[in-house]
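Okay, structure first, notes after.
Hydrogens, waters and symmetry mates are skipped; everything else that's a heavy atom, side chains included, is used. As the structure lists them, so they are numbered: ligands from 1, and atoms in each ligand from 1. From a predicted model like this one, the values you see are computed outputs, not experimental measurements.
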Amino acid sequence: MLARTTDPIVAIATAPGRGAVGIVRVSGAGLAPLIAAICVRPLKAREATYLPFRDAAGEPVDHGLAIHFPAPHSFTGEDVLELQAHGGMVVLQLLLARCLEAANEVDASSGRARLPGLRLAQPGEFSQRAFLNGKVDLAQAEAIADLIDASTEAAARSAGRSLSGAFSREIHGLRDALIHLRMLVEATLDFPEEDIDFLQKADAIGQLRALQNQLAAVQLRARQGALLREGIKVVIAGQPNAGKSSLLNALAGAELAIVSAVPGTTRDVVAQTIQIHGVPVHVADTAGLRESSDEVEQIGIARAWDQIESADAVLFLHDLTRADSPDYEAGDAGILNLLRRKLPAGVPVLDVWSKHDAVAVAQQHDGLSLSAKTGFGIEALRTRLLEIAGWQAVPDGVYLARARHVHALARVADHVSLAADQLAARHPALDLLAEELRLAQNALNEITGAFGADELLGVIFSRFCIGK
Ligand SMILES: Nc1nc2c(c(=O)[nH]1)N(C=O)[C@@H](CNc1ccc(C(=O)N[C@@H](CCC(=O)O)C(=O)O)cc1)CN2
Ligand SMILES: Nc1nc2c(ncn2[C@@H]2O[C@H](COP(=O)(O)OP(=O)(O)OP(=O)(O)O)[C@@H](O)[C@H]2O)c(=O)[nH]1
């Protein structure tokens with residue numbers, strides 16, 4: 001875990017490797033003495049200045065652009081210095097080392113180190129400071145990481161939406177509605193002579209219902225967003241030669257796994273992430289399941305079972321060309337039995353009939369028939385996978401939410417629903433009602449990272465006159 005500190009920090013901000021430009025970024029308080037040591041000229045606030053970056057002997061390490069963002073108007077809210085140099089790893093390492101060295105040099109005018117305590121930043125530390133200094137809330141800070149990690153364009157777009165605060169604004173809207181309700185309930189508690197009529201007059205039930213609708217809409221979008229971020233894991237399983245590797249290749253549109261008529265070709269797991277309408281689907285091709293005396297094949301089969309046990313969905317392949325052989329069918333039935341026993345409840349197993357092109361008369365089977373060779377049925381499978389994933393296109397787009405947000409929202413919904421039960425009761429227990437609403441707000445606050453009960457008190461006292 002990242003501890004909360006205010007030491008000055010430095011890091012290479014750009015990706016490792018070669019690039020046209022690379023950036024070394026420093027954040028902390030009072031960077032002026034450091035800037036004076038490295039930059040040959042003073043820097044104007046938030047203005048790029050082209051100059052040599054000097055080493056201890058005054059020799060240029062590189063020529064580049066330096067920008068000083070004085071606090072609080074920077075990414076972190078602290079003083080930030082950016083050295084935008086040429087993007088070679090050695091150059092950037094030299095600049096990084098130069099920053100650490102210059103920080104420890106004694107400044108002639110003050111007799112102190114130029115930037116005492118400058119150290120390498122830990123992962124996420126710049127963003128953590130942006131959060132601690134109120135530049136972004138927790139959901140936005142997470143969106144920065146998600147934007148960088150986005151594996152599909154849809155995921156990147158929705159992370160961008162969260163970063164700009166669209167998700168946080170929805171959470172704030174819910175929070176305001178909750179605070180308003182709590183205010184009514186707490187006032188009723190504090191001034192018992194107002195009793196339950198007061199809640200009725202204020203249409204507390206109507207307000208709670210509106211809140212529930214609003215919450216359901218946010219939950220839907222957050223769930224879809226979490227799906228875009230995390231995707232689902234689909235495992236292709238079946239007997240040897242069923243066409244598993246061919247199906248993976250057809251879905252991926254590339255020759256990833258070896259296809260051959262020799263049963264037992266695939267040994268290791270071959271995994272590939274494909275996109276279906278922007279949803280990342282992590283597909284794993286596995287070794288054909290059968291009794292085997294081959295040691296390597298046994299290891300492959302054990303790995304196949306490991307994959308199956310962590311799947312969100314299993315595609316079970318049946319070879320149509322062998323479907324009328326009783327032995328083959330008995331083999332499939334046996335594996336399916338085992339599969340259902342090993343899989344956690346709720347994980348769907350989709351029966352997929354392969355090699356549709358190779359049979360003269362297409363028999364009717366439950367499930368999906370397809371041909372990896374001709375592509376027949378592949379689109380239908382992709383659509384089916386999206387359904388299994390629970391994907392729904394949401395108008396106005398989704399926010400790139402995390403499982404954490406989805407869980408927090410579910411807890412909010414639970415508490416709000418318990419509050420609704422109380423309110424609907426003939427004799428509502430106001431203290432329980434107030435407590436459920438308080439817990440709902442706490443769960444909401446976990447999403448944006450806003451805590452503090454004073455917030456609520458502030459609102460109550462600003463709107464209610466105690467003398468009333
Ligand atoms: N060169 C560079 N590019 C970058 C970053 C960076 O740190 N350096 N970023 C790093 O992630 C992102 C941009 N994030 C930033 C967020 C806020 C401020 C900033 O100066 N905020 C001030 C002023 C805002 C304003 O003028 O409106 C502030 O919040 O007060 C800068 C970068 C992406 N591009
Ligand atoms: N006609 C036809 N043949 C197919 C199709 N899919 C796979 N095959 C053939 O079936 C054989 C086995 O295919 P693979 O994809 O290697 O099967 P697998 O299930 O991965 O096999 P193992 O690695 O042994 O578990 C190969 O000869 C493929 O060419 C298809 O859609 N149509």
Side-chain angles (χ1 to χ4, degrees), residues 11-14 21-27 45-48 64-85 121 124-131 133-136 140-141 143-145 147-148 160 163-165 236-252 255-270 284-290 292 294 296-297 300-301 303-304 315-322 331-332 335 352-360 369-378 381:
I12 298 174
T14 41
V21 177
I23 303 180
V24 171
R25 193 163 57 163
V26 187
S27 181
R46 305 179 62 80
E47 208 170 88
L65 294 175
I67 310 177
H68 179 207
F69 301 84
H73 301 298
S74 68
F75 172 61
T76 59
E78 301 177 324
D79 257 0
V80 168
L81 171 67
E82 281 192 11
L83 302 177
Q84 308 192 345
E125 210 166 5
F126 284 89
S127 297
Q128 184 199 35
R129 292 200 177 179
F131 166 65
N133 293 322
K135 287 288 167 184
V136 290
Q140 286 174 304
I144 294 175
L147 182 59
I148 292 170
L163 177 56
S164 68
I236 308 178
Q239 296 195 53
N241 245 352
K244 298 180 294 299
S245 301
S246 305
L247 177 58
L248 171 74
N249 293 351
L251 282 170
E255 298 303 308
L256 300 172
I258 300 172
V259 169
S260 93
V262 180
T265 302
T266 301
R267 301 291 176 90
D268 233 334
V269 177
V270 183
D285 171 29
T286 58
L289 302 170
R290 65 168 167 188
S292 167
D294 180 305
V296 179
E297 190 175 355
I301 292 171
R303 288 190 181 178
L315 301 183
F316 190 80
L317 255 60
H318 306 268
D319 185 340
L320 272 177
T321 65
R322 288 183 284 169
D332 273 359
I335 299 170
V352 176
W353 301 85
S354 65
K355 313 189 191 178
H356 182 266
D357 62 283
V359 287
S369 296
L370 54 75
S371 162
K373 203 169 190 172
T374 65
F376 170 83
I378 297 291
L381 174 61

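- Atom CG of Leu81 sits about 7.0 Å away from atom NE2 of His68, to the nearest 0.5 Å.
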(request) Before giving the answer on salt bridge (charged side-chain N to carboxylate O under 4.0 Å, His left out), spell out for Lys244 and Asp285 the whole-Å C-alpha distance, their side-chain angles and the decisive distance to 0.1 Å. (result) CA-CA 6 Å; Lys244 298 180 294 299; Asp285 171 29; 5.7 Å; no
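- Nearest protein heavy-atom contact of atom 18 (C) of ligand 1 is Phe75 N, 3.7 Å.
- Taking a distance limit of 4.0 Å, we find that atom 22 (C) of ligand 1 is approached by some protein heavy atom.
- One N or O on the side chain of Thr286 and one on the backbone of Ile236 form a donor-acceptor pair closer than 3.5 Å.
- Atom CD1 of Ile144 and atom CZ of Phe75 lie 4.0 Å apart (nearest 0.5 Å).
- Without hydrogens or angle criteria, Gln140 side chain to Leu163 main chain gives a donor-acceptor distance under 3.5 Å.
- Under 4.0 Å from ligand 1, the heavy atoms of Ile23 that appear belong solely to its side chain.
- For atom 33 (C) of ligand 1, no protein heavy-atom neighbour is found at a distance under 4.0 Å.
- In terms of protein heavy-atom proximity, atom 29 (O) of ligand 1 is nearest to Lys135 NZ, 2.9 Å.
- Given atom 19 (C) of ligand 1, the protein heavy atom at minimum distance is Ser74 C, 3.6 Å.
- Within ligand 1, the atoms closer than 4.0 Å to a non-hydrogen atom of Pro72 are 30 (O), numbered from 1 in the order shown.
- For the pair Lys355 (side chain) and Lys373 (backbone), a donor-acceptor distance under 3.5 Å is absent.
- Rounding to the nearest 0.5 angstrom, the gap separating the CG atom in Asp294 from the CZ atom in Arg267 is 4.5 Å.
- Within 6.0 Å of CZ in Arg303 there are 12 or fewer heavy atoms belonging to other residues, nucleotides or ligands.
- In this structure, the protein non-hydrogen atom closest to atom 8 (N) of ligand 1 is Glu82 OE2, 2.4 Å.
- By the definition of a contact as any protein heavy atom under 4.0 Å away, atom 11 (O) of ligand 1 is in contact.
- A donor-acceptor contact shorter than 3.5 Å is absent between the side chain of Thr76 and the backbone of Ala130.
- Atom 27 (O) of ligand 1 is not flagged as protein-proximal [any protein heavy atom, distance under 4.0 Å].
- With ligand atoms numbered from 1 in the order given, ligand 1 contributes 1 (N) to contacts under 4.0 Å with heavy atoms of Gln84.
- A donor-acceptor pair under 3.5 Å is absent between the side-chain atoms of Ser127 and the main chain of Gly124, judged by distance alone.
- The presence of a protein heavy atom under 4.0 Å from atom 3 (N) of ligand 1 is ruled out.
- Arg25 contributes no side-chain N or O that, together with a main-chain N or O of Phe126, makes up a donor-acceptor pair within less than 3.5 Å.
- The closest protein non-hydrogen atom to atom 9 (N) of ligand 1 is Arg25 NH1, 4.3 Å.
- Atom 25 (C) of ligand 1 has Arg46 NH2, 4.2 Å as its closest protein atom, hydrogens excluded (heavy atom only).
- Protein residues having at least one heavy atom under 4.0 Å from any atom of ligand 2 are Pro240, Asn241, Ala242, Gly243, Lys244, Ser245, Ser246, Val259, Ser260, Ala261, Val262, Pro263, Gly264, Thr265, Thr266, Gly288, Lys355, Asp357, Ala358, Ser371, Ala372, Lys373, listed by chain and number.
- Note that CD1 of Ile23 is 9.5 Å distant from CG of Leu83, once rounded to the nearest 0.5 Å.
- Judged by distance alone, the side chain of Asn249 and the main-chain N or O of Leu256 form a donor-acceptor pair under 3.5 Å.
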